[in-house]
Amino acid sequence: MDEQFSIFMETVDERFSSFVNQINEYLTENGCKCDIKLQKSGYVVSYVLNSSKRTLATFIPRKTGMKFRIYPEHILEYQSFLDKLPEKVKKEIKKASVCKRLINPDDCNQKCVKGYTFVLDGEQYQKCRYMAFQPTLSEENNPYIMQFLEKELHYRFC
């Protein structure tokens with residue numbers, strides 16, 4: 001696994017390599033297993049909570065930059081945090097696909113895990129779990145990504 005992670009790190013923009021290492025250490029120290037798979041777009045690195053076998057977050061390579069998808073199962077506990085996100089991230093969240101299963105369960109694959117209902121800037125959203133929360137790594141976004149993870153882990157272990 002360490003060798004695969006090293007190979008993945010070679011694909012990470014060097015401006016963000018320290019941050020990616022920081023996230024990796026934080027999540028593995030907090031009970032997550034790092035799972036690395038090579039896909040067409042590059043290495044996808046997921047962090048699965050050993051206690052629940054549920055994915056907490058995933059690094060996803062894109063042409064526009066490295067994305068970090070977060071699966072916040074406890075978003076309702078700290079949704080006011082979303083209002084503090086950078087405007088670019090909020091815009092991406094608002095633009096994300098609607099969760100068809102939340103609106104009409106028959107409109108989507110029954111095996112698909114339902115998305116999230118939450119409030120952002122005073123407006124309610126129902127977004128797909130695979131599209132809603134995936135900020136691009138950047139100097140502006142990285143501190144918020146870390147806070148997001150800290151909040152989610154706090155509520156998962158409460």
Side-chain angles (χ1 to χ4, degrees), residues 1-2 4-49 52-75 78-79 81-102 108-109 112-121 125-156:
M1 186 62 70
D2 290 332
Q4 276 190 310
F5 190 78
S6 295
I7 294 169
F8 160 69
M9 286 301 296
E10 290 174 14
T11 69
V12 173
D13 185 322
E14 63 185 46
R15 294 176 298 160
F16 308 124
S17 60
S18 173
F19 179 69
V20 170
N21 273 318
Q22 179 186 356
I23 284 185
N24 181 62
E25 287 173 22
Y26 177 73
L27 292 176
T28 53
E29 287 170 5
N30 280 282
C32 289
K33 178 183 163 243
C34 180
D35 182 42
I36 302 171
K37 292 185 173 120
L38 181 58
Q39 296 188 347
K40 279 194 281 185
S41 61
Y43 286 94
V44 174
V45 180
S46 297
Y47 294 90
V48 179
L49 277 165
S52 66
K53 308 257 191 255
R54 302 278 301 219
T55 302
L56 174 65
T58 304
F59 284 107
I60 305 164
R62 294 284 187 256
K63 289 179 183 172
T64 57
M66 183 71 68
K67 298 263 187 188
F68 191 68
R69 182 180 295 148
I70 302 168
Y71 300 98
E73 291 181 5
H74 297 275
I75 192 66
Y78 57 91
Q79 67 185 342
F81 166 74
L82 298 175
D83 293 339
K84 298 173 185 158
L85 293 172
E87 288 305 315
K88 247 184 179 175
V89 175
K90 288 184 191 182
K91 188 176 177 183
E92 287 179 9
I93 292 170
K94 291 174 183 180
K95 237 175 48 173
S97 303
V98 171
C99 177
K100 294 177 189 175
R101 284 210 63 211
L102 285 173
C108 195
N109 185 329
C112 182
V113 179
K114 285 184 184 173
Y116 309 103
T117 300
F118 57 92
V119 175
L120 172 61
D121 291 338
Y125 293 91
Q126 293 184 308
K127 298 294 183 176
C128 172
R129 86 182 241 110
Y130 301 103
M131 301 302 292
F133 303 105
Q134 52 180 356
T136 303
L137 298 187
S138 72
E139 286 84 2
E140 182 183 22
N141 295 350
N142 292 357
Y144 293 94
I145 291 170
M146 186 53 95
Q147 289 174 43
F148 210 145
L149 288 174
E150 289 167 348
K151 288 182 182 308
E152 184 60 26
L153 279 175
H154 170 78
Y155 284 100
R156 284 197 188 202

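Sequence positions, counted from 1, serve as the residue numbers for this chain.
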### Test log, rule side chain to side chain donor-acceptor pair (under 3.5 Å), inputs Tyr26 and Glu150
CA-CA 9 Å; Tyr26 177 73; Glu150 289 167 348; 4.9 Å; no

### Query
Do you know which two heavy atoms are closest between Pro61 and Met66, and how far apart they sit?
N-SD, 3.8 Å

### Task
To the nearest 0.5 angstrom, please state how far the CG atom of Leu49 sits from the CD atom of Glu152.
8.5 Å

### Task
Compare all side-chain heavy atoms of Tyr116 with those of Tyr71 and state whether any distance is below 4.5 angstrom.
yes

#### Entry: Tyr47/Asn24 under side chain to side chain donor-acceptor pair (under 3.5 Å): CA gap, chis, key distance, verdict
CA-CA 8 Å; Tyr47 294 90; Asn24 181 62; 2.8 Å; yes

### Query
Side-chain contact, heavy-atom cut-off 4.5 Å: Lys127 with Cys99?
no

### Query
Taking 4.0 angstrom as the limit, do Lys67 and Glu92 come out as a salt bridge?
yes

### Task
Go through Asn21 and Met9 one step at a time and tell me if the side chain to side chain contact (heavy atoms under 4.5 Å, CB included) criterion holds.
CA-CA 8 Å; Asn21 273 318; Met9 286 301 296; 3.6 Å; yes

### Task
Compute the centroid of each ring, for Tyr144 and then for Phe68, and state whether the two points are separated by less than 6.0 Å.
no

#### Entry: Charged N-O contact under 4.0 Å between Asp121 and Lys94
yes

### Query
Phe133 vs Phe118 aromatic rings, parallel, tilted or perpendicular, using cut-offs 30° and 60°?
tilted

### Message
Does Gln39 have more than 12 heavy atoms from other residues, nucleotides or ligands lying within 6.0 Å of its CD?
### Response
yes

### Query
Stepwise, does the side chain to side chain contact (heavy atoms under 4.5 Å, CB included) test hold for Val44 with Ile36?
CA-CA 6 Å; Val44 174; Ile36 302 171; over 6 Å; no

### Task
Tell me whether the centres of the aromatic rings in Phe5 and Phe8 are closer together than 6.0 Å.
yes

### Query
How many angstroms lie between CG in Asn142 and CD1 in Ile23, if you round to the nearest 0.5 Å?
7.0 Å

### Query
Using 4.0 Å as the upper bound for N to carboxylate O, is an ion pair formed by Glu73 and Arg54?
yes

